[in-house]
Amino acid sequence: TRIELPRPDYTMLLNGSKARFTVCVEGNIGSGKSTLLNHFSKFSDVQTFQEPVQKWRDVKGNNLLALMYEDPKRWAHTFQAYVQMTMVEQHLQPCQAPVKLLERSLYSGRHCFVENLYKSGKMTNAEYTVYCEWFKVITQNLDVGVDLIVYLRTDPDLLHARIKQRARCEELTIPFHYLSDLHSLHEDWLMGTTGSLPAPVLVLDANDTLANMFKKFEEHTSEILCGKL
Ligand code: DGT
């Protein structure tokens, strides 16, 4: 059931039925992106797009997510190529609601995960280059822009505990250094000066209880749905 909630006025963003405000939620593994999406899915003017993890787990019977964790040197490039394709699909999905809310984006694949896999020797220079060339062709030619990034900034120690607790089978072998490396790359990209940000960033401290996170979502509703930073 969809609940009508008080909402900010974003009519000025509307330009016919196609116009929309596109927001992507970013943050390390286990930072609470799905929780944010679930919260805002209750708004009638928001359409949410969950990350297609289920697709990655069953590509005609192949669990690419598991293969990537089991043998990253062999599978990282294949996995990232597929992730990139499914992310393009998310970006291009038509959205009838004024606000399109995406879990992750093409951009975190490129700037966080792939950068990490390459730096840690899990992708060869040739694989990395092919992936990056694809990324360039996509971002220069397709309508994959975003208007706002919400960064759920979380301490990797806390994430390690959360991931253990949720016990998603593919993630049981994730070592702490993987999360701290990914954290540094999220920081460099979203808080730093790499110059590769596709949109302004709203930073939310996500080292908090669920109840407090819901309060923060409410406090920041107009920024998240309307970009009033
Ligand atoms: P949440 O709601 O913040 O707890 O989000 P998660 O942890 O369910 O979602 P996410 O995107 O952080 O990760 C889901 C799984 O997929 C996790 O094992 C990391 C992996 N993953 C997501 N995107 C990529 C990617 O581009 N490359 C690699 N290597 N792994 C990825």
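Sequential numbering from 1 along the given sequence is applied to the chain's residues. One-based numbering, in listed order, for ligands and for the atoms of each.
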Using only atom types and a distance under 3.5 Å, with no angle test, would you say the side chain of Lys33 pairs donor to acceptor with the backbone of Asn28? yes
**Close side-chain approach of Tyr128 and Glu115, heavy atoms under 4.5 Å** = yes
Between Tyr151 and Glu187, does any side-chain donor sit less than 3.5 Å from a side-chain acceptor?
yes
So for ligand 1, is Val53 a polar contact partner (N or O within less than 3.5 Å, distance only)? no
Atom 25 (C) of ligand 1: closest protein heavy atom, distance to 0.1 Å, is Phe113 CG, 3.2 Å
Check your understanding: Any N or O of Gly32 that comes nearer than 3.5 Å to an N or O of ligand 1?
Key -> yes
ask   = Does His111 reach the side chain of Phe135, with side-chain heavy atoms less than 4.5 Å apart?
value = yes
Minimal heavy-atom distance between Val23 and Ile224, with the atoms involved, is CG2-O, 3.2 Å
**Residue-ligand contact Glu103/ligand 1, heavy atom below 4.0 Å** = yes
- Query: Hey, is Glu218 close enough to Lys215 for a salt bridge, meaning N to O under 4.0 Å?
  - Reply: no
Note: heavy atom closest to atom 5 (O) of ligand 1, options Lys122, Gln84, Lys33, belongs to Lys33
Short version for Ile29: what comes under 4.0 Å of ligand 1, heavy atoms counted, is both
Original post:
Between Phe113 and His186, how do the two ring planes meet: parallel, tilted or perpendicular, split at 30° and 60°?
Top reply: perpendicular
Side-chain heavy atoms of His220 within contact of Leu202, under 4.5 Å = yes
One finds that the ligand 1 atoms under 4.0 Å from a non-hydrogen atom of Leu65 are 16 (O), 20 (C)
_Between Tyr82 and Trp56 (judged by ring centroids, cut-off 6.0 Å), do the two rings come close enough to count as a pair?_
no
Next item on the list: Kindly confirm or rule out an N or O of Ser31 lying under 3.5 angstrom from an N or O of ligand 1.
Entry: yes
Taking only non-hydrogen atoms of Ser34 and a 4.0 Å limit, the atoms of ligand 1 in range are 1 (P), 2 (O)
Counting from 1 in the order shown, the ligand 1 atoms closer than 4.0 Å to a non-hydrogen atom of Glu51 are 9 (O), 10 (P), 11 (O), 13 (O), 14 (C), 22 (C), 23 (N)
Honestly, for Glu171 the part within reach of ligand 1 (heavy atoms, under 4.0 Å) is side chain
Note: heavy atom closest to atom 28 (C) of ligand 1, options Arg57, Gln80, Arg166, Gln50, belongs to Gln80
Report yes if Arg168 has an N/O atom closer than 3.5 Å to an N/O atom of ligand 1; otherwise report no. yes
*asked:* Quick check: do Arg110 and Tyr131 have side-chain heavy atoms less than 4.5 Å from each other?
replied: yes
Atoms of ligand 1 under 4.0 Å from any heavy atom of Val83, numbered from 1 in the order shown, are 26 (O)
Are Arg162 and Gln165 close enough that a side-chain donor and a side-chain acceptor fall under 3.5 Å?
-> no
### Query
Are any of the heavy atoms in Tyr178 under 4.0 Å away from ligand 1?
yes
Hey, is Arg162 one of the residues with a heavy atom under 4.0 angstrom from ligand 1? no
Quick one: are Asp157 and Phe176 in side-chain contact, heavy atoms under 4.5 Å?
yes
If we number the atoms of ligand 1 from 1 as shown, the ones under 4.0 Å from a heavy atom of Trp56 are 16 (O), 21 (N), 22 (C), 23 (N)
Gly109 heavy atoms within 4.0 Å reach ligand 1 at atoms 26 (O)
So the atoms of ligand 1 within less than 4.0 Å of a heavy atom of Tyr69 turn out to be 17 (C), 18 (O), 19 (C), 20 (C)
